[in-house]
Amino acid sequence: MKRLIILLTCATALSALYSQQTIFSDISTPSGIRNNGMNFGIAFGDFDNDGDDDAYVSRRNGANLLYRNNGDNTFSDVATATGVAYAGNTLMSVWGDFDNDGYLDLFLGNRTGAPNMLFRNNGNPDGTGFAFTEIGASAGVNSVNETVAVLLADVDADGYIDIYLANLNQENILYHNNGDLTFTDITQSAGVPDPKISMGAVFFDYDNDGDQDLYLTHDSNVPNILYRNDGTGHFTDVSAATGANFAGQGMGVDFGDFNNDGYLDLYITNLYDNALLLNSGSAGGNITFTNIAQPAGVNDYGMGWGITILDCDNDGYQDIYMVNDSYFSPYPNVLYRNLGDSTFAKVSSGTPLASMYGSYGAAGADINGDGLPDIFVTNTGYDGNQLFLNQNINDNHWITVKTSGTVSNRAGIGARVEIEAGGRLLIDEVCAGSGYASQNSLTLHFGLGQATTIDKLTVKWPSGITDVHENIAVDRKYLVTEGSSVLTATKDNAAASANITAFPNPFRDQLNVQVEQMMSNQLSVSVLDLSGKVLLEQTEPRFNAGKYQISLDMKAFPGPGIYLIQIKTEKETWVRKVIHIP
């Protein structure tokens with residue numbers, strides 16, 4: 001019996017030790033992404049709406065690369081076939097749906113005299129393949145700058161994403177989206193004309209007031225800047241007042257709630273000591289940031305560039321992966337595992353993650369839908385890019401959340417998702433552009449630890465709408481649609497099986513809803529106000545696959561304004577925004 005107890009104790013200890021190991025495999029070569037050259041940025045985005053994140057690699061020599069995810073841990077370069085194989089001097093790129101048509105468009109930040117570029121995603125209307133058209137000049141965004149960061153946010157909550165460019169030793173630019181694929185430079189009126197040595201930048205809501213604030217890093221010991229958004233797209237420099245004015249050789253920046261207190265913190269890569277700025281929350285009525293990198297154990301001394309925040313082991317605490325240019329300063333890339341007590345352990349030593357290359361970009365996405373976030377790193381020179389497949393083994397749970405805006409921008413950029421599970425609060429925001437010259441997946445990933453049910457899932461949209469869902473199953477991928485009371489769980493978040501059109505829009509006395517390519521036992525069409533109150537509902541009988549039109553009599557409808565059309569079957573829900581005019 002004593003020997004049995006000893007064996008069980010040893011087995012338990014070994015199991016616990018194994019469950020804490022961080023296991024990533026380098027699949028760069030078999031996945032087909034290990035191209036060499038001057039690779040700088042990496043941007044994840046599902047450009048073809050098949051439910052898998054694709055990857056765009058920005059390069060400073062040779063043609064840029066668009067890697068289509070084949071769904072089996074391999075990728076195919078389709079940049080030439082789709083029209084985005086620009087061969088100039090691209091430092092970074094970012095995905096966003098600028099016209100809210102349901103397809104991600106692509107913005108390129110170029111350097112050394114080359115204009116920036118905007119590629120509109122034309123979709124695949126004839127079934128022959130996806131294609132992009134470059135519209136930078138007509139859109140008014142083809143500025144010629146030393147652009148070092150591009151990021152997107154709906155700064156004034158008008159339903160369209162705007163573009164911010166951080167430029168090196170030149171005035172930064174904020175382009176306002178006019179809603180018709182044209183943009184207006186509002187830098188001066190918005191109050192964000194920083195002309196200093198900009199590097200990385202990120203939009204995030206640091207004070208939990210529902211709008212997107214802006215953080216800029218600087219090189220050459222120029223203090224970083226935190227701009228507070230007043231909710232209308234006007235910004236105020238609060239760097240000194242909040243203590244966010246860290247000064248160093250700052251490069252990349254990303255956010256995460258590292259202590260699960262409901263407020264977003266910042267991690268900054270740097271030459272020599274990195275910084276972790278802990279958000280105090282509302283303590284004393286004023287938010288301040290404190291650099292805890294050294295006591296937290298994350299003050300890497302290398303030449304830091306890219307960074308991605310991810311919960312690599314699904315334990316409910318966000319981890320940090322940052323990359324170094326190891327040829328400039330001989331320090332490896334590092335994965336810091338969050339121990340849950342505001343300290344971190346370096347768990348990458350002796351693993352493929354600790355590569356010693358000239359690394360610049362880093363981004364995270366669950367490339368194969370297994371509930372574990374993977375990591376893509378761009379390297380310069382002859383080393384080739386790297387893709388690390390997450391193969392951690394434990395019994396922790398997870399969910400992913402993909403956002404679809406109706407009143408807000410279609411991709412839900414800027415939406416905040418809050419998870420209450422297992423007695424903990426987890427938060428994250430949909431972000432377009434972070435780290436250094438890179439973009440993480442627009443699908444949010446949450447590790448849940450041992451929690452077997454999500455008590456509450458709350459989405460706070462840029463429009464101000466809040467959706468709440470309760471008693472949610474774990475270990476699934478969810479699609480959340482703004483204004484919908486239904487949370488859609490699917491094997492993959494592929495494109496909807498129906499094409500929904502509401503017309504005329506704006507409408508007066510009659511509103512028509514056209515439904516294509518759907519089969520359902522029953523279909524209901526509802527009209528809701530922005531609070532989610534059902535104002536009109538109409539149920540239709542069984543639908544076979546085909547095209548149908550449903551007409552709604554709106555003569556007795558309430559006053560003019562913005563409303564939601566909700567189409568619901570027994571399995572799925574779609575929501576569209578409509579406008580009623582007198």
Side-chain angles (χ1 to χ4, degrees), residues 43-47 49 51 53-54 93-98 100 102-107 150-164 177 201-206 208-215 229 253-257 262-266 308-311 318 363-366 373 398-419 426-435 438-447 457-469 477-484 487-488 493 575:
F44 276 116
D46 182 8
F47 82 90
N49 285 352
D53 273 308
D54 311 298
S93 59
V94 65
W95 295 98
D97 188 352
F98 295 102
N100 289 340
Y103 295 101
L104 291 179
D105 312 301
L106 181 66
F107 190 95
V150 179
L151 49 155
L152 311 176
D154 183 0
V155 300
D156 57 354
D158 67 349
Y160 292 92
I161 50 173
D162 311 302
I163 305 171
Y164 190 79
N177 189 333
V202 69
F203 279 111
F204 76 123
D205 184 4
Y206 85 94
N208 290 2
D209 65 351
D211 53 45
Q212 291 289 282
D213 309 301
L214 174 63
Y215 192 75
N229 190 343
V253 60
D254 202 356
F255 61 79
D257 183 9
Y263 286 86
L264 294 172
D265 315 302
L266 291 168
T308 182
I309 309 301
L310 68 168
D311 185 354
Q318 292 182 309
D366 182 0
W398 56 273
I399 67 159
T400 65
V401 178
K402 183 176 182 179
T403 51
S404 179
T406 53
V407 181
S408 302
N409 68 87
R410 184 67 174 272
I413 292 169
R416 171 174 288 207
V417 177
E418 299 179 353
I419 303 289
L426 311 174
I427 67 170
D428 204 354
E429 292 181 355
V430 182
C431 177
S434 63
S438 297
Q439 178 179 15
N440 296 312
S441 173
L442 293 173
T443 298
L444 300 181
H445 167 270
F446 294 89
L457 186 156
T458 303
V459 183
K460 298 180 179 179
W461 299 90
S463 64
I465 294 174
T466 297
D467 294 322
V468 178
H469 307 273
K477 302 172 69 177
Y478 288 100
L479 173 65
V480 293
T481 302
E482 184 176 15
S484 172
L487 196 64
T488 304
N493 287 332
V575 179

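Fair warning: this is a prediction, and the values are worked out from it, not measured in the lab. This chain uses plain numbering: 1 for the first residue, then up along the sequence.
- Asp105 contributes a side-chain N or O that, together with a main-chain N or O of Phe98, makes up a donor-acceptor pair within less than 3.5 Å.
- Residue pairs meeting the salt bridge (Lys or Arg N to Asp or Glu O under 4.0 Å) criterion with at least one partner in residues 457-467, sequence neighbours excluded, are Glu418-Lys460.
- One finds the CG atom of Asp97 at 8.0 Å from the CD1 atom of Ile413 (value rounded to the nearest 0.5 Å).
- Within the 4.5 Å cutoff, the side chain of Gln318 has no heavy atoms near those of the Asp254 side chain.
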- Task: Quick one: do Asp53 and Asp366 satisfy side chain to side chain contact (heavy atoms under 4.5 Å, CB included)? Show the steps, please.
- Result: CA-CA 8 Å; Asp53 273 308; Asp366 182 0; over 6 Å; no
- Start with the C-alpha distance between Leu214 and Phe203, add both sets of side-chain angles, then the distance that settles side chain to side chain contact (heavy atoms under 4.5 Å, CB included), and finish with yes or no. CA-CA 5 Å; Leu214 174 63; Phe203 279 111; 3.8 Å; yes
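- Between Asp162 and Asn177, the shortest heavy-atom contact is OD1-N, 2.8 Å.
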- Please walk me through it: do Val407 and Trp461 pass side chain to side chain contact (heavy atoms under 4.5 Å, CB included)? CA-CA 9 Å; Val407 181; Trp461 299 90; over 6 Å; no
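- Residues Val468 and Thr466 are in side-chain contact: their nearest non-hydrogen atoms beyond the backbone lie under 4.5 Å apart.
- Within the 4.5 Å cutoff, the side chain of Asp46 has heavy atoms near those of the Asp54 side chain.
- Residues Gly414 and Pro462 come closest through the heavy atom pair C-CG, 3.9 Å.
- The main-chain N or O of Glu482 is found under 3.5 Å from a side-chain atom of Thr406 such that the two form a donor-acceptor pair.
- The distance from the CD1 atom of Ile399 to the CD1 atom of Ile419 is 4.0 Å, given to the nearest 0.5 Å.
- Of the options Leu444, Leu151, Val202, Leu152, a side chain to side chain contact (heavy atoms under 4.5 Å, CB included) to Cys431 is made by Val202 and by none of the others.
- Not counting sequence neighbours, the partners of Tyr164 by the side chain to side chain donor-acceptor pair (under 3.5 Å) test are Asn172.
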- Message: Please determine whether side chain to side chain contact (heavy atoms under 4.5 Å, CB included) holds for the pair Asp154 and Gln212, giving the CA-CA distance in whole Å, both sets of side-chain angles, and the decisive distance to 0.1 Å.
- Response: CA-CA 8 Å; Asp154 183 0; Gln212 291 289 282; over 6 Å; no
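- A search for ring-ring contact (aromatic ring centres under 6.0 Å, His included) contacts involving Phe446 returns nothing, not counting sequence neighbours.
- To the nearest 0.5 Å, atom CG of residue Asp158 and atom OG of residue Ser463 are 11.5 Å apart.
- Side-chain atoms of Leu442 and Val430, non-hydrogen and from C-beta on, do get closer than 4.5 Å to each other.
- Evaluation of the salt bridge (charged side-chain N to carboxylate O under 4.0 Å, His left out) rule for Arg410 yields no partner, not counting sequence neighbours.
- Atom CZ in Phe47 sits 10.0 Å away from atom CG in Leu104 (nearest 0.5 Å).
- Rounded to the nearest 0.5 angstrom, Asn409 CG and Asn100 CG are separated by 6.0 Å.
- In this structure, Glu429 CD and Thr403 OG1 are separated by 11.0 Å, a value rounded to the nearest 0.5 Å.
- Closest approach of Ala415 and Val459 over heavy atoms only: CB-CG1, 4.3 Å.
- Distance alone, capped at 3.5 Å, is enough to place a donor-acceptor pair between the Asp213 side chain and the Tyr206 backbone.
- Residues that satisfy the ring-ring contact (aromatic ring centres under 6.0 Å, His included) test with Phe204, not counting sequence neighbours, are Phe255.
- Under the side chain to side chain donor-acceptor pair (under 3.5 Å) criterion, Thr308 pairs with Asn440, sequence neighbours left out.
- Judged by distance alone, with hydrogens and angles left aside, the side-chain atoms of Gln439 form no donor-acceptor pair with the main-chain N or O of Gly45 at under 3.5 Å.
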